[in-house]
Every structure is written in C-alpha cells, then in structure tokens.
Amino acid sequence: MLQPNVLFINVQLADASGVRDYNTVNSLRIRDGKIAETGLNLSPENGEQLIDGKGAFLSPGWMDMHVHLREPGLEHKETIKSGCAAAAAGGFTAVACMPNTKPAIHTRDVVEYIVNRSASLPVEVHPIGCVSKDRKGESLAEMADMKEGGAVAFSDDGDPVYNARLMRTALEYAAMLDMPVINHEEDLDLSRPGHMHEGRVSTRLGLAGTPSIAEEVMIARDILLAELTGGHVHVAHISTRRGVEMVREAKAKGIRVTTEVCPHHFDLTDEEVERSEFDTNFKMHPPLRTADDVEAMIAGLADGTIDAICTDHAPHSVEEKEVEFIYAPNGILGLQTAWSVVVKQLLDTGRLSLPQVLRTLIDAPRTILRLPVPGLDAGQPANLTLFDTSTKWTYTAAVNKSKSRNSPYLNQTLKGAALGIYNRSQWVPNEAALS
C-alpha cells in the first residue's frame, strides 16, 4: 500500500558515518516518497502516517547482494514475491538475485522478466546475469546485452566458473562494462563428493568432507586473473581463514578484489552437524567450518578485508531437505535472521561498531555493484530500514515469509530485529518484531 507521506518520530538516525545526535535529530519526514526534512520533534501534518520508532534506529535501506529467489522455474522453493517478503521482514530494501534458475539468467529477456516482476514491490530486485550460457562453463553469455536489460554483475553461482580461460575472458569483458564477476570459489576435483567441512568432525562422523583448500585454490586463481586483466573479481560467501588472508594480501597490492561473508559463517561451526545429529539445515556450501575460521571471518569484517555481509538465502522445499544428510541439497534461508546473528556476534561482542556494520549492509554491496547508495539527506528518495538491537522475537513457521523453511534458526528466540522498511513509497512493518 502506497504511503507517500510519512513522519517517523522518536528515531535515531544512523548510517556508516555514525549515529546522529538524538538531541538534535529524532524525526524524519517523507513527502511524496522523498525525504523532506529531519529535525527535533517535528509535528505531524495532515494526511501523514505517523510511525513511532520508540527510540529505534533509522538508517538508509539495507541490501543483500547474494540471494536465490528461485523464480523463474523453481517456484515451489521460492518466488520473487515471497523472497522479497522475507527480505522486507529482515530489513532489506534491495537484493541481488543469483542466476541459477530455470531458465538460467543468461539472456536479456530473463533479466527483464525479473526486473518487471519486481517493479511494484517495496524491495528492489537486481538480477545477476550468468557468466556462461546456461551456466555450463563453455562459452560466454551475452554480458553487454544483459547489462542493458538491468543486470548488475555476472556469476555462475551454484557452480564455479571452472575454466580458467573462460574466467579470464569474462573478467576482461566485465572490465570493459565496469561490472564485477562474482565467483563461487570451489575446485570441484578437490571438493567433491564432500558433504561438510573436511576435518576432525567429518572424520568422526564418517562423512566425506570438503577441504578448505578447495575454496582457497580457486580464490588464488581468481586473484591472479584479476591482477592480470584488471577486472574486478568478487569472492562469494568466503569461509576460510586462508581465503581471508589472500584477499587481504591482494587488496594491499591494489588488485581489484572484494568479498562477502554470510552470517552463518561467522556464527556456526561444523560441530553443529554432530550436535544436531545430521540436521540437514546445517548443510550448505561452502560448508560450516571451524571455530578458527569463524574468528577469521569476524576479524576480516573488523579490519575491512571483508566488504559486505550477505545471506546466500537458498530456499529448498521440505521434501528436498528431509532426507539423509548425504542426499540433501546445500543451502539455508537467511534473510529474516541475518540481523539477529549480526547483533549476537558483532555488536553485542563489541567486535564491530554499528557504523561499521551498516557499511557492510548499506554502502559496500551497492558500491561493489555500482548502484546508488541511499542516504538520509533531504531531497533523496526515501529508502529506509527501521531496526533495533534489543527486541527479542521467535523465528517460527508462522512468522517465516519464505515458501521454504530450511533454517537452522527455526524456533529459536533471537535478539535484535528489523522493525520495518520504507521504500518505493511503501511502509512494510515487521509484524513478528512489533507484536
């Protein structure tokens, strides 16, 4: 429902530069979908919807640059509409969706289908086009044409761009288009048939493991190719200590490399597979790794080596996940629980400040994808997330917005909530947190 005129009161304005002085600014007015003014104790005008933040933070809208919306072709898992509903409940006003759909997002018409299907939703959807035709890794997709249709990056995510020559060519073409190539970093010959991290736990459980080196070998290759071509490689869902170290070293050399990390990779470890007695909601790729790797993810976020926090939101139906561990597909939901994990592991521990965290959720994803970064100044389109770090809520099937329910956090009581988003002249409250 369109709400072009809104007044937020009792809010703390926050962004990557810091938190505004509450004694100077605690209200924000939206008129005709744009920020009209901010100030202290602004009075409501006729026709305005009044939203009392009750001391919560109001920031520019968050973006998740790595989600799987499954549409077209896999609508039994998720649709653009249901995925965006989950995003809104998680505080995200924008997402970038990966191309492993059916058909794959490898031509302009599929890109435009997604753009058009999401045009009226309060969450912006930015398609990521394939690197190769049909994600087969044999020949380049129509990259320039997809950019014209609205693609913001290129990836064969779900699978790596395995052929080094193809990856080199893709980086060269993407550099001419000023776009990043996002690679799923996995040496398939080293990783398969792994079902979890290769280590003490996998040995104890008798499961074939995926070693850290399978990810690190491909990261090393792509850093070298980025250095050679001058292209921008973005390392998807990084998960190992050595991987973070390589990205840190490459950045110090001026190589165009960025990376992202998922909340589950700085919260959970491979021990969860054993503790849960093979719960397939702890099966994802890259797999959950060790406590040392978790620490490296947090340190990488703290020093800026890791640019963005993303969820890799990957819905799967109940029928697909409720099978033996070795037969279950990789992937978990993440959009609605991401902020609570951030609060638990980064803010409550003091490892990152609120402005540091907001940079990973607001500025970095859009900068990597060459998208405008929303702000809090008068005259800008109102693109906002209302959130706190204290609300306790329970993530149940009843409040889950996804069509799937494959989350390791299901039925847990979490702390910190996105209270609602405002974007495209629409206010979407999060009933789970406000009830």
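Basis for what follows: all heavy atoms, side chains included, without hydrogens, waters or symmetry-related copies.
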Check for a donor-acceptor pair, side chain of [X] on one end and backbone N or O of [Y] on the other, with a separation under 3.5 Å.
X      : Y      : result
Ser118 : Leu121 : no
Glu320 : Ser317 : yes
Asn430 : Leu386 : no
Arg31  : Glu37  : no
Gln3   : Gln49  : no
Thr385 : Gly91  : yes
Arg248 : Ile306 : no
Arg370 : Asp178 : yes

Working for salt bridge (Lys or Arg N to Asp or Glu O under 4.0 Å), residues Arg405 and Glu322 = CA-CA 11 Å; Arg405 64 184 194 202; Glu322 289 190 353; 3.6 Å; yes

Take Arg108 and Asp145, measure what salt bridge (Lys or Arg N to Asp or Glu O under 4.0 Å) needs, and give me the verdict at the end.
-> CA-CA 6 Å; Arg108 180 172 177 168; Asp145 203 33; 3.3 Å; yes

What I want to find out is whether [X] reaches [Y] closely enough, with some N-O distance under 4.0 Å, to be called a salt bridge.
X      : Y      : answer
Asp157 : Arg135 : no
Arg359 : Asp15  : no
Glu216 : Arg242 : no
Asp159 : Lys136 : no
Asp307 : Lys251 : yes
Glu78  : Lys401 : no
Glu71  : Lys81  : no
Glu185 : Arg221 : no
Arg351 : Glu295 : yes

Could you list the residues that satisfy ring-ring contact (aromatic ring centres under 6.0 Å, His included) with Phe8, not counting sequence neighbours?
-> Trp427

To the nearest 0.5 Å, how far apart are [atom1] in [X] and [atom2] in [Y]?
X      : Y      : atom1 : atom2 : value
Asp270 : Asp293 : CG    : CG    : 8.5 Å
Asp32  : Ser425 : CG    : OG    : 8.0 Å
Met246 : Ile219 : CE    : CD1   : 5.0 Å

Pairwise side-chain contact, [X] with [Y], heavy-atom cut-off 4.5 Å (strictly under):
X      : Y      : result
Phe266 : Val261 : yes
Val6   : Ile51  : yes
His76  : His316 : no
Val152 : Pro127 : no
Ile9   : Asn26  : no

Would you please test Leu288 and Thr269 for side-chain contact (heavy atoms from CB on, under 4.5 Å) and show each step?
-> CA-CA 5 Å; Leu288 297 175; Thr269 71; 5.6 Å; no

Will you find, in the side chains of Thr389 and Trp339, an N or O donor that is under 3.5 Å from an N or O acceptor?
-> no

For Asn10 and Asp52, test the side chains for any donor-to-acceptor distance below 3.5 angstrom and give the result as yes or no.
-> yes

So Lys147 and Glu142, salt bridge (Lys or Arg N to Asp or Glu O under 4.0 Å) or not? Walk me through it.
-> CA-CA 9 Å; Lys147 178 181 180 178; Glu142 299 166 352; over 6 Å; no

Crowded around Lys133 NZ? As in, over 12 foreign heavy atoms under 6.0 Å?
-> no

Has Arg168 got more than 12 heavy atoms of other residues, nucleotides or ligands less than 6.0 Å from its CZ?
-> no

Can the ring centres of Tyr409 and Tyr395 be said to be less than 6.0 Å apart?
-> no

Worked check of side-chain contact (heavy atoms from CB on, under 4.5 Å) between Leu384 and Leu376 = CA-CA 8 Å; Leu384 305 163; Leu376 297 170; 3.6 Å; yes

Would you please classify the geometry between the His237 ring and the His184 ring as parallel, tilted or perpendicular, with 30° and 60° separating the classes?
-> perpendicular

Met167/Asn183 under side-chain contact (heavy atoms from CB on, under 4.5 Å): CA gap, chis, key distance, verdict = CA-CA 9 Å; Met167 184 64 173; Asn183 202 17; 3.9 Å; yes

